[in-house]
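Some notes on the structure that comes next.
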Amino acid sequence: MYDIVDWTARDAGALIAEPDEHDDKYSRGVLGIVTGSSRYPGAAVLGVSAALAAGVGMVRFRGASEAASLVLAHCPEAVTAPGRVQAWLAGSGIPVHGEADAEGSLAATLLESRAEDDTATVPVVVDAGALSRIDAVNGGPRNSLAGVPVGPIVMTPHHGELAALLGVNRASVAADPVSSAIRAAERASAVVLLKGSRSVVVTPAGAVIRCPTATPWLATAGTGDVLAGILGALVATHAADIAATGEWKLAELAAAAVIIHSRSGERASQGGPFTVRQLVSAISPTVAELLA
Ligand SMILES: NC(=O)C1=CN([C@@H]2O[C@H](COP(=O)(O)OP(=O)(O)OC[C@H]3O[C@@H](n4cnc5c(N)ncnc54)[C@H](O)[C@@H]3O)[C@@H](O)[C@H]2O)[C@@H](O)CC1
Ligand SMILES: Nc1ncnc2c1ncn2[C@@H]1O[C@H](COP(=O)(O)OP(=O)(O)O)[C@@H](O)[C@H]1O
């Protein structure tokens, strides 16, 4: 059996990095983002917008060119030039069976900061189309994505994606989400944030964090891309902590991202539906509230 820790807003607030007078954009942390495609350019805009709203030193967007134009139109503060990053977010809006060069371009992007920085230590948030490119899932080495050594991985599947990864049907994941997530974490050697009405976060060692039940109004296309952006920002602003304390810190940050996301959902909802852009607009005041 496993021990389950229930996560609260207070726990989440303690995991938000507040800048001080000694900080600059680089010391706060740079998040590299490889998301979006000609098929799903909007996913890139949502993830970048969410990361910026959650608080990060800089977003370096390195996804497909169609997505990059849209990202710049919505978020001119995003930088599209290559360079150093403290964390990567990869996969939202990248088709699983996508463009022929998708695998190569993900690997090339992960490698591009290696000249100045050791990519092998950079933590990665892996979502949607990049989930199947975690090498350990396919019998390859741990801490490796698309053939490139990386730092610790936190993956963010929904029930359908986790089912595909385990080769089981969706109903069996829904019947026992925690055991399913632990199996995936062991197989991928990665922290798993399994999304749902009540999201859970598990580590390969079997630690389990259970998040509060979220508003069902979040069940709308694009909210998962927003969650990935929030988590990317938290990971980029805690890269040193992750390097020092490992996968438990990554799990705590994933649970904090779920709480920021669900409270932003409540704020955007006010008891009714909302657009995903309204969800993104609710992130910054939610972060301020959790800090207070
Ligand atoms: N605005 C955007 O650009 C968005 C992009 N997104 C991206 O889209 C990609 C695919 O995400 P999904 O979670 O949809 O992928 P999945 O491949 O997990 O889900 C598709 C599954 O849903 C089933 N399905 C499709 N339409 C259905 C319907 N009307 N009723 C019942 N079942 C249906 C399909 O048979 C398939 O099994 C991801 O890369 C994701 O990041 C989504 O986040 C949505 C928003
Ligand atoms: N019924 C629900 N109640 C609460 N939250 C939900 C519900 N369904 C989905 N969510 C949340 O909404 C988000 C959906 O993510 P995902 O399925 O990846 O969507 P997309 O790929 O369209 O962005 C997740 O954060 C999930 O936890």
Side-chain angles (χ1 to χ4, degrees), residues 7 12 33-51 54 61 63-64 66-71 74 89-99 102 106 125-133 154-171 173-174 177 181 184 192-201 209-232 234 254-269 271 273-280 282-283 286:
W7 214 244
I33 300 191
V34 196
T35 56
S37 57
S38 54
R39 199 177 307 179
Y40 300 118
V45 176
L46 295 175
V48 170
S49 309
F61 183 77
E66 297 94 330
S69 317
L70 206 59
V71 164
H74 286 86
L89 159 60
S92 320
I94 293 180
V96 179
H97 305 292
E99 293 92 331
L106 176 58
V125 179
V126 179
D127 189 34
L131 290 167
S132 58
R133 297 176 196 174
V154 52
M155 55 200 272
T156 57
H158 56 55
H159 284 199
E161 288 163 337
L162 196 87
L165 199 134
L166 292 174
V168 300
N169 62 35
R170 201 181 171 119
V173 173
V192 175
L193 188 182
L194 177 58
K195 297 178 285 193
S197 165
R198 186 158 203 194
S199 298
V200 292
V201 180
I209 303 176
R210 186 166 52 188
C211 302
T213 302
T215 169
W217 291 107
L218 276 168
T220 185
T223 54
D225 306 327
V226 168
L227 176 67
I230 295 170
L231 178 54
L234 291 181
V258 171
I259 288 194
I260 294 170
H261 185 252
S262 63
R263 289 178 79 101
S264 300
E266 278 159 31
R267 184 182 284 267
S269 164
F274 51 85
T275 66
V276 180
R277 293 182 74 166
Q278 287 174 309
L279 175 65
V280 171
I283 294 171
T286 298

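Note that these values count all heavy atoms, side chains included, but never hydrogens, waters or copies made by symmetry. Whatever order the structure lists ligands and atoms in, that order sets their numbers, starting from 1.
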* Taking the side chain as every heavy atom from C-beta outward, state whether Leu165 and Ser132 have any atom pair closer than 4.5 Å. => no
* **For Ser199, atoms of ligand 2 separated by under 4.0 Å from a heavy atom** => 27 (O)
* **Closest contact, heavy atoms only, Leu227 versus Ala257** => CD1-O, 3.6 Å
* To do: Locate the shortest heavy-atom distance separating Pro41 from Leu70; write the atom from each residue and the value.
  => CB-CD2, 3.8 Å
* Any side-chain heavy atom of Pro212 within less than 4.5 Å of one from Ile259? -> yes
* How many angstroms lie between atom OG of Ser199 and atom CH2 of Trp7, to the nearest 0.5 angstrom? -> 14.5 Å
* Heteroatom proximity flag, Ala43 to ligand 1, N/O under 3.5 Å -> yes
* Relative to the heavy atoms of Gly222, which atoms of ligand 2 are at a distance of less than 4.0 Å? -> 20 (P), 22 (O), 23 (O)
* Val34 and Leu89, any side-chain heavy atoms less than 4.5 Å apart -> no
* Asked: Is the closest protein non-hydrogen atom to atom 3 (O) of ligand 1 under 4.0 Å?
  -> yes
* Asked: Are any of the side-chain heavy atoms of Leu279 and Leu218 separated by less than 4.5 Å?
  -> yes
* Could you pull out the closest heavy-atom pair between Ala128 and Gly93, with the gap in Å? => CB-N, 4.3 Å
* Intermediate values then yes/no, side-chain contact (heavy atoms from CB on, under 4.5 Å), Val226 and Ile283 -> CA-CA 10 Å; Val226 168; Ile283 294 171; 3.8 Å; yes
* So Val173 and Leu194, side-chain contact (heavy atoms from CB on, under 4.5 Å) or not? Walk me through it. -> CA-CA 10 Å; Val173 173; Leu194 177 58; 4.1 Å; yes
* Is Leu227 in polar range of ligand 2, meaning some N or O pair under 3.5 Å apart? -> no
* Indicate the atoms forming the closest heavy-atom contact of Leu131 with Val126, along with that distance. => CD2-O, 3.5 Å
* Under 4.0 Å to a heavy atom of Gly42 - the qualifying atoms of ligand 1, by number -> 3 (O)
* Asked: Would atom 36 (C) of ligand 1 count as contacted, meaning some protein heavy atom under 4.0 Å?
  -> no
* Asked: For atom 20 (C) of ligand 1, is some protein heavy-atom partner under 4.0 Å away?
  -> no
* **Those atoms of ligand 1 less than 4.0 Å from some heavy atom in Ala128** => 38 (C), 39 (O), 41 (O)
* Tell me yes or no: between the side chains of Thr286 and Arg267, is some donor less than 3.5 Å from an acceptor? => yes
* Could you tell me whether Gly196 and ligand 2 have an N or O pair separated by under 3.5 Å? => yes
* To do: Measure the distance from atom 6 (N) of ligand 1 to every protein heavy atom, then report the residue, atom name and distance (to 0.1 Å) of the closest one.
  => Asp225 OD2, 3.8 Å
* His261 heavy atoms, cut-off 4.0 Å: which ligand 2 atoms fall inside? -> 25 (O)
* Asked: With backbone taken as N, CA, C and O and side chain as the heavy atoms from C-beta onward, which portion of Thr215 lies under 4.0 Å from ligand 2: side chain, backbone, both, or neither?
  -> backbone
* To do: Would you verify that at least one protein heavy atom lies under 4.0 Å from atom 8 (O) of ligand 1, or report that none does?
  => yes
* Asked: Of Thr213, Leu193, Asp225, Leu46, which has the heavy atom at the shortest distance from atom 21 (O) of ligand 2?
  -> Asp225
* Is atom 44 (C) of ligand 1 less than 4.0 angstrom from some protein heavy atom? -> yes
* With a 4.0 Å heavy-atom cut-off (strictly under), which part of Ile94 contacts ligand 1: side chain, backbone, both or neither? -> backbone
* **Residue pair Ile94 / Arg133, side-chain heavy-atom distance below 4.5 Å** => yes
* Asked: Are any of the heavy atoms in Gly224 under 4.0 Å away from ligand 1?
  -> no
* Asked: What is the nearest protein non-hydrogen atom to atom 39 (O) of ligand 1, stated with its residue, atom name and distance?
  -> Gly93 N, 2.8 Å
* Asked: Taking distance alone, with no angle check, do Thr223 and ligand 2 share an N/O pair under 3.5 Å?
  -> yes
* Does Ser197 approach ligand 2 within less than 4.0 angstrom via side chain, backbone, both or neither, non-hydrogen atoms only? -> both
* Would you name the heavy atoms of Gly91 and Thr35 that are closest together and state the gap between them? => N-CG2, 4.0 Å
* Asked: Which ligand 2 atoms are under 4.0 Å away from a heavy-atom of Ala214?
  -> 3 (N), 4 (C), 5 (N)
* Structure fact -> Here the pair of heavy atoms bringing Arg277 nearest to His74 is NH2-CD2, 3.9 Å
* Asked: Considering only protein heavy atoms, which is closest to atom 13 (O) of ligand 1, and at what distance to one decimal place?
  -> His158 NE2, 2.8 Å
* Is atom 31 (C) of ligand 1 close to the protein, meaning a heavy atom under 4.0 Å from it? -> no
* Protein heavy atom at shortest distance from atom 10 (C) of ligand 1 -> Tyr40 OH, 3.8 Å
* **Backbone N/O of Thr156 and side chain of Lys195: donor-acceptor pair under 3.5 Å** => yes
* Does the protein put a heavy atom less than 4.0 Å from atom 41 (O) of ligand 1? -> yes
* Asked: Can an N or O of Glu161 be found at a distance shorter than 3.5 Å from an N or O of ligand 1?
  -> no
* Going by distance only, is there an N or O of Gly224 that falls short of 3.5 Å from an N or O of ligand 2? -> yes
